[in-house]
Amino acid sequence: MLQYYFLLGIRSLRRNPALTALMVLTLAVGVAASVSTLTILHMMSGDPIPQKSSRLFIPLMDNGPLKGYTPGEEPNDNQMSYRDARNLLAGTIGERRTALYGIDIAIEPARKDLPAMASEGVATTRDFFSMFDTPFLYGQGWAENDDAKAADVVVLGNKLAEKLYGKSNPVGQYLTMLGHQFQIVGVLATWEPSPRFYRFAGRNATFGEQENFFIPLASAIRHEITHSGGMGCTGELEPGWQGRLDSECTWLHFWYELKSESQRQELQSYLDNYTADQRKLGRYMRQAKNKLFNVMEWLEECKIVGNDNKLSVWLAFGFLLLCLVNTVGLLLAKFSVRAAEVGVRRALGASRREIFNQFLIESSIIGLVGGLTGLLLAFVALTLISLQSKELTVLTHMDWQMLVITFVMSVTASILAGLFPTWRACQVTPAIQLKSQ
């Protein structure tokens with residue numbers, strides 16, 4: 001019986017292809033808008049490194065000047081001075097510790113067909129690669145003693161390596177950067193969290209860009225490579241800081257990796273004791289409370305997903321609701337013109353329940369086709385967005401469970417939209433319809 005009504009529904013929908021197509025398109029556009037918006041929000045607000053995000057922490061310690069400070073005021077900068085980073089790197093707490101800041105430097109390719117180019121990268125420490133699970137295509141990260149002796153070594157991102165050396169393995173070769181010879185020790189493979197690394201690790205860059213290169217933090221300091229965002233001072237300078245970057249004038253982000261999330265309080269106490277000791281040296285005079293954030297807390301603190309993005313989700317759902325309302329109107333129009341058909345079927349013995357099932361299945365078919373078409377449009381839209389933003393892995397960040405739920409919702413919504421028109425169709429009085437024919 002279900003198959004009979006299904007085939008009957010398809011034949012009925014084919015009688016008026018223009019109206020049927022309009023209903024399917026109305027639902028499809030609503031579903032596509034909702035799925036696309038939810039997918040982008042999911043990608044932006046998802047956990048960049050789920051396997052250890054609860055064990056990665058960034059400290060926020062306020063070492064600003066007392067001048068103009070109001071007790072309880074939130075710090076206006078979430079970075080750390082090199083002086084503090086150097087002290088914390090020398091500590092023993094945590095499984096790994098790393099500091100980093102973004103840099104812009106000139107690269108002089110060895111190939112004669114390539115001109116000199118400006119490139120963005122990261123100055124960091126060896127622990128960075130293990131901490132953030134960076135995969136390597138060739139080679140590996142630099143050795144521990146390279147950090148200690150500020151060696152001129154570099155790890156290239158796969159895109160920059162391919163641009164400079166093609167598909168060959170460049171490990172062991174030298175690259176001229178800022179007028180100095182840096183030996184290539186590794187090339188990163190495509191890094192899955194990379195498109196979102198900037199958002200949670202502190203590098204300010206265009207959304208979707210990948211790191212071009214990494215050099216040791218100590219090497220960047222030795223060559224006096226400034227922060228890509230410029231250099232700023234707190235006003236609390238070390239004696240003789242002029243001409244050097246190893247002072248309060250270099251700002252970095254600092255990350256800890258703990259063995260377990262349970263060590264969070266131990267790390268908090270360690271930082272509190274550190275600032276108390278520094279206060280004896282005339283620093284940290286604001287006496288603000290130190291804060292710790294894990295990855296997801298840091299995303300929330302930095303408002304990576306702003307209120308405007310969240311508002312767009314509600315707008316997308318509102319648009320889907322509007323499409324459903326339009327579908328209700330179109331179904332009413334479609335079923336109303338078939339009152340004579342209903343009257344004849346009722347006169348021949350069809351019950352209201354059978355009429356209801358027939359029309360409800362027709363509504364379900366519209367929802368099914370509209371949902372599938374909407375998912376197809378969403379894939380097309382997300383592909384276009386991916387190409388435009390140079391983020392080629394948007395589709396891999398799609399939550400397939402969410403897609404299935406959205407599809408089921410579209411079919412369910414279509415059925416709900418068809419309930420009232422179907423109920424209206426069942427109320428047809430056979431005698432009146434037969435008399436009017």
Side-chain angles (χ1 to χ4, degrees), residues 1-38 315-348 350 352-385 403-404 406-430 432-437:
M1 185 63 69
L2 182 62
Q3 181 181 4
Y4 168 74
Y5 283 136
F6 183 79
L7 296 175
L8 187 65
I10 292 178
R11 286 199 301 270
S12 174
L13 293 173
R14 291 174 61 184
R15 291 178 191 171
N16 194 338
L19 186 58
T20 300
L22 186 59
M23 287 187 291
V24 169
L25 184 61
T26 300
L27 273 177
V29 171
V31 170
S34 300
V35 170
S36 300
T37 305
L38 286 173
L315 291 176
F317 277 119
F319 185 69
L320 177 60
L321 180 61
L322 179 63
C323 291
L324 290 175
V325 172
N326 288 334
T327 303
V328 171
L330 293 171
L331 286 172
L332 280 172
K334 181 177 179 62
F335 291 167
S336 296
V337 298
R338 295 172 59 189
E341 173 194 336
V342 175
V344 172
R345 288 203 63 203
R346 288 292 309 281
L348 293 176
R352 287 185 174 180
R353 181 176 180 178
E354 291 172 330
I355 299 296
F356 185 87
N357 290 338
Q358 174 193 343
F359 280 64
L360 196 59
I361 289 175
E362 287 188 28
S363 301
S364 302
I365 294 173
I366 293 173
L368 183 65
V369 177
L372 289 174
T373 306
L375 290 181
L376 180 61
L377 291 176
F379 275 105
V380 172
L382 290 171
T383 301
L384 293 176
I385 293 172
L403 292 183
V404 172
T406 306
F407 175 71
V408 172
M409 285 177 59
S410 69
V411 177
T412 304
S414 178
I415 294 174
L416 294 175
L419 285 178
F420 180 65
T422 300
W423 177 81
R424 284 285 301 274
C426 294
Q427 307 308 309
V428 171
T429 304
I432 296 177
Q433 290 301 322
L434 290 175
K435 183 178 180 181
S436 63
Q437 299 301 308

*asked:* Working to the nearest 0.5 angstrom, can you tell me the gap between Thr20 OG1 and Ile365 CD1?
replied: 10.0 Å
*Locate the shortest heavy-atom distance separating Ala32 from Gly374; write the atom from each residue and the value.*
CB-O, 3.4 Å
Show me, pair by pair, the donor-acceptor contacts under 3.5 angstrom made by side chains of residues 22-31, not counting sequence neighbours?
from, atom 1, to, atom 2, distance (Å)
Thr26, OG1, Leu22, O, 2.7

*Looking at OG1 of Thr373 and CG of Leu368, how far apart are the two atoms once the value is rounded to the nearest 0.5 Å?*
9.0 Å
